[in-house]
Amino acid sequence: MSVVTRFPPSPTGYLHIGGARTALFNWLYTRKVGGRMVLRIEDTDLERSTEESVRAIFDGLEWLGLDYDDGPYFQTRRMERYGEVVSRLLNSGHAYHCYCSKEALDSMRAEQREKGLKPRYDGRCRDREPVPGASSPVVRFRNPLSGAVVIDDQIKGRIEIRNEELDDLVIARSDGVPTYNLTVVVDDMDMGITHVIRGDDHINNTPRQINILKALGAHLPVYAHVPMILGQDGKRMSKRHGAVAVTEYRNQGYLPRALLNYLVRLGWSHGDREMFSIEEMIDLFDIKDVHRSAAVFDPDKLLWVNYEYMKSASLDELRRFSEPFFSEAGIAIDQMDNWRDVLRANQERSKTLVELVQRSRFFYVPPDEFDEKAVRKHFKDPAREVLEAATGRFRALEDWHAASIHSVIHDIAEKMGMGLGKVAQPIRVALAGEPVSPPIDQTLSILGRQETLERLSGAIKFIEQQM
RNA sequence: GCUCCCUUCGUCUAGUGGUUAGGACGCUGGCCUCUCACGCCGGUAACAGGGGUUCGAAUCCCCUAGGGAGCGCCA
């Protein structure tokens, strides 16, 4: 039997880090075994579901490159089918109407809690005769009273829950809209899902779902509950832990492959290996090897992984991915004839695309001011003479190449009897506005003679004004 | 409170009865050096605790503690 997995986000927000990893694990496993992955939008919470969230989820998945083979299905379009199943359950005696008011249930739970018991429905409507005239009852599933449900979880191992611990859950609200536990079961059954790979916050739902599946005579899927991703404080990842939406990482200049690589190592490993291409992930990944314990999300390590990908990316990839950031900075990078040189010069010194753009900016946009600290440190005394000497020599230079520029700079340092730094730094500040740039000879050669001379002259004027 | 899940350096992890408990991120000392960054060499730091089993436990069993999740007419 071929494998069918599913990724069922509910569109109540963006695609977050935890969801992305669950999607990744599903995707990797599916690709590995040559199965099919279903995308299902669980939008039965009409209050909180939004179209915008649906788009954000599609967007996130697409950016990460996690595609699916079937769907997207929307649960709100399957209401008729859920209704069918509910009445089937009602007719077979696996479900019943419950007429309890919300208030009655609340006080029942409060009472149980007070007695130190687990709050749960006590089954008071279980054997009540149907009340024909009564208004809008809910439908509850008639859970078995004895026995136990055993889950042979692919990650957690064998889990056994006694049916006494479970209560009769609501499967249809008073307005007829089915609840989560019912829709999941129906969909998983109808869509032929063979493997349910989801967050371990669903472990507690699993025995209930299994009981419903059994009542429906359906095949039970294989379950694999992946542990949560925690924030730095050890609590479940949420907004207060900083960036949780995958699109935020896109905006911060991360490469999708880097995020994937980081995510796959959160809860899964292959010996001491850190870096995996997508192909290697598919090849090496197995759901059985996912760890049982939760993992803390570490932004520093993600940054490092991203940096590794930045360094190994091709210039074309780099341009493609950084293009939006450049254009935001007012630079049409792909129309610049020296973009390769600029990107190459900054590639291995940038941990993110945002940083790459920041570092590259001055090649295209002259600094509008000089960094104050840099001025104090590098524009002091011999700086003006250095810049003037450099101007003369650069103007006279026959060919404008890094090598010839390099020897000129060395020559100036030697003739003026000072270290290379005393020469390079003033020039650097004159060109970049700050004391940071790629190697000075390389920087000049990329910038071009004319632009270099102009900026040098601007810096000399600036120094004169300061005096 | 009850039920379920989890527990190796700060973090991600290797490890499946015998290891000086390894790697990576971070932090850090040094080297390199025209800045930034890279690179190289070195350092820091862990088996939650207690009982067993065993000649021998990070590895197997039990208990305790701690953490997480769930207990809805949310998903």
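The chains referred to below are lettered A, B, ... by the order of the sequence lines, with proteins before strands, and numbering in each begins at 1.
On the P atoms, B:rC63 is 12 Å away from B:rC4, given to the nearest whole Å. Comparing B:rU53 with B:rU13, their C1' atoms are spaced 29 Å from each other, to the whole Å. Between B:rG10 and B:rU33, the distance separating the two P atoms is 37 Å to the nearest Å. Atom name C1', nucleotides B:rA48 and B:rA75: the rounded distance is 34 Å, in whole Å. Comparing B:rA14 with B:rC6, their P atoms are spaced 15 Å from each other, to the whole Å. Atom name C1', nucleotides B:rC47 and B:rU7: the rounded distance is 10 Å, in whole Å. The gap from the C1' atom of B:rG67 to that of B:rG30 amounts to 40 Å, rounded to the nearest Å. Spacing between B:rG15 and B:rC55 at atom C1', rounded to whole Å, works out to 22 Å.
When ring centroids are compared, A:Phe370 and A:Phe462 come within the 6.0 Å threshold. Aromatic rings from A:Tyr180 and A:His202 are positioned such that their centres are separated by under 6.0 Å.
Side-chain contact check for A:Leu255 versus A:Glu317: every heavy-atom pair is 4.5 Å or farther apart.
In this entry the distance linking CD1 of A:Ile409 with P of B:rC34 reads 12 Å, nearest Å. The CG-P distance, from A:Asp300 to B:rU13, rounds to 16 Å in whole Å.
Applying the salt bridge (Lys or Arg N to Asp or Glu O under 4.0 Å) test between A:Asp122 and each of A:Arg126, A:Arg120, A:Arg124, A:Lys118 identifies A:Arg124 as the sole match. Exactly one residue among A:Tyr249, A:Tyr254, A:Phe297, A:Phe276 makes a ring pair (Phe, Tyr, Trp, His ring centres under 6.0 Å) with A:Tyr262. That residue is A:Phe297.
Within 4.0 Å of A:Glu42, counting heavy atoms only, lie sugar-phosphate atoms of the nucleic acid but no base atom. No engagement by A:Arg120 is indicated, since no non-hydrogen atom pair under 4.0 Å with the nucleic acid exists. A:Ile203 comes within 4.0 angstrom of the backbone, heavy atoms only, and of no base. A:Leu266 comes within contact range of the sugar-phosphate backbone alone, with a heavy-atom separation under 4.0 Å but no base atom that close. Heavy atoms of A:Ile159 sit under 4.0 angstrom from primed sugar atoms or phosphate atoms, though from no base atom. No contact: A:Gly199 has no heavy atom under 4.0 Å from any strand. As judged by a 4.0 angstrom heavy-atom cut-off over every strand, A:Ser293 is placed among residues touching the sugar-phosphate backbone only. Using a 4.0 Å heavy-atom criterion, one finds that A:Ser350 contacts no nucleic acid atom at all. If you check every strand for non-hydrogen atoms under 4.0 Å, A:Pro227 touches nothing. Contacts of A:Asp43 with the nucleic acid, taken as non-hydrogen atoms under 4.0 Å apart, are absent.
Distances shown here put a side-chain N or O of A:His291 below 4.0 Å from the OP1 or OP2 atom of B:rU13. For A:Thr12 and B:rA75, the shortest distance from a side-chain N or O to OP1 or OP2 is not below 4.0 Å.
Between A:Ser174 and A:Ile161, the residue whose closest nucleotide on RNA chain B is further toward the 5' end is A:Ile161. Taking the nucleotide of RNA chain B with the nearest heavy atom to each of A:Tyr180 and A:Arg359, the more 5' of the two is matched to A:Arg359.
Distances were taken from every side-chain heavy atom of A:Ala424 (C-beta onward) to each of B:rC34, B:rC6, B:rA24; the shortest belongs to B:rC34. Checking B:rC5, B:rC38, B:rG72 against every side-chain atom of A:Lys311, the shortest atom distance belongs to B:rC38. Each of B:rA69, B:rC73, B:rC25 was ranked by its minimum atom distance to the side chain of A:Arg173; first place goes to B:rC73. The side chain of A:Gln425 lies closest to B:rC34, out of B:rA24, B:rC34, B:rC36. Of the candidate nucleotides B:rG72, B:rA75, B:rC34, B:rG72 has the atom nearest to the side chain of A:Arg109. Out of B:rC38, B:rU3, B:rG1, the shortest distance to the side chain of A:Tyr307 is found at B:rC38. When the nucleotides B:rC34, B:rA69, B:rU7 are ranked by their closest atom to the side chain of A:Arg428, B:rC34 comes out on top. Listed nucleotides B:rC73, B:rA75, B:rA14 differ in distance to A:Val138; the shortest reach to its side chain belongs to B:rC73. Comparing B:rU11, B:rU13, B:rU35 by their nearest atom to the side chain of A:Arg265 picks out B:rU13. Of the candidates B:rC34, B:rU11, B:rG23, B:rG23 carries the atom nearest the A:Glu274 side chain, counting heavy atoms from C-beta on.
Using the Watson-Crick or G-U wobble rule with both distances under 3.5 Å, B:rC36 pairs with nothing in any strand shown. Using the Watson-Crick or G-U wobble rule with both distances under 3.5 Å, B:rA21 pairs with nothing in any strand shown. Partner assigned to B:rG70 is B:rC2, using Watson-Crick or G-U wobble distances below 3.5 angstrom. With a cut-off of 3.5 Å on both Watson-Crick or G-U wobble distances, the partner of B:rG42 is given as B:rU28.
In this structure, A:Arg140 satisfies the cation-pi test against A:Tyr121, with its NZ or CZ atom closer than 6.0 Å to the six-membered ring centre and inside 45 degrees of the ring normal.
Interface remark: the A:Thr179 side chain does not form any donor-acceptor pair with the B:rC73 base, using a distance-only criterion of under 3.5 Å. Contact of A:Asp201 with B:rG70 (side chain to base): no donor-acceptor pair of N or O atoms is detected under 3.5 Å.
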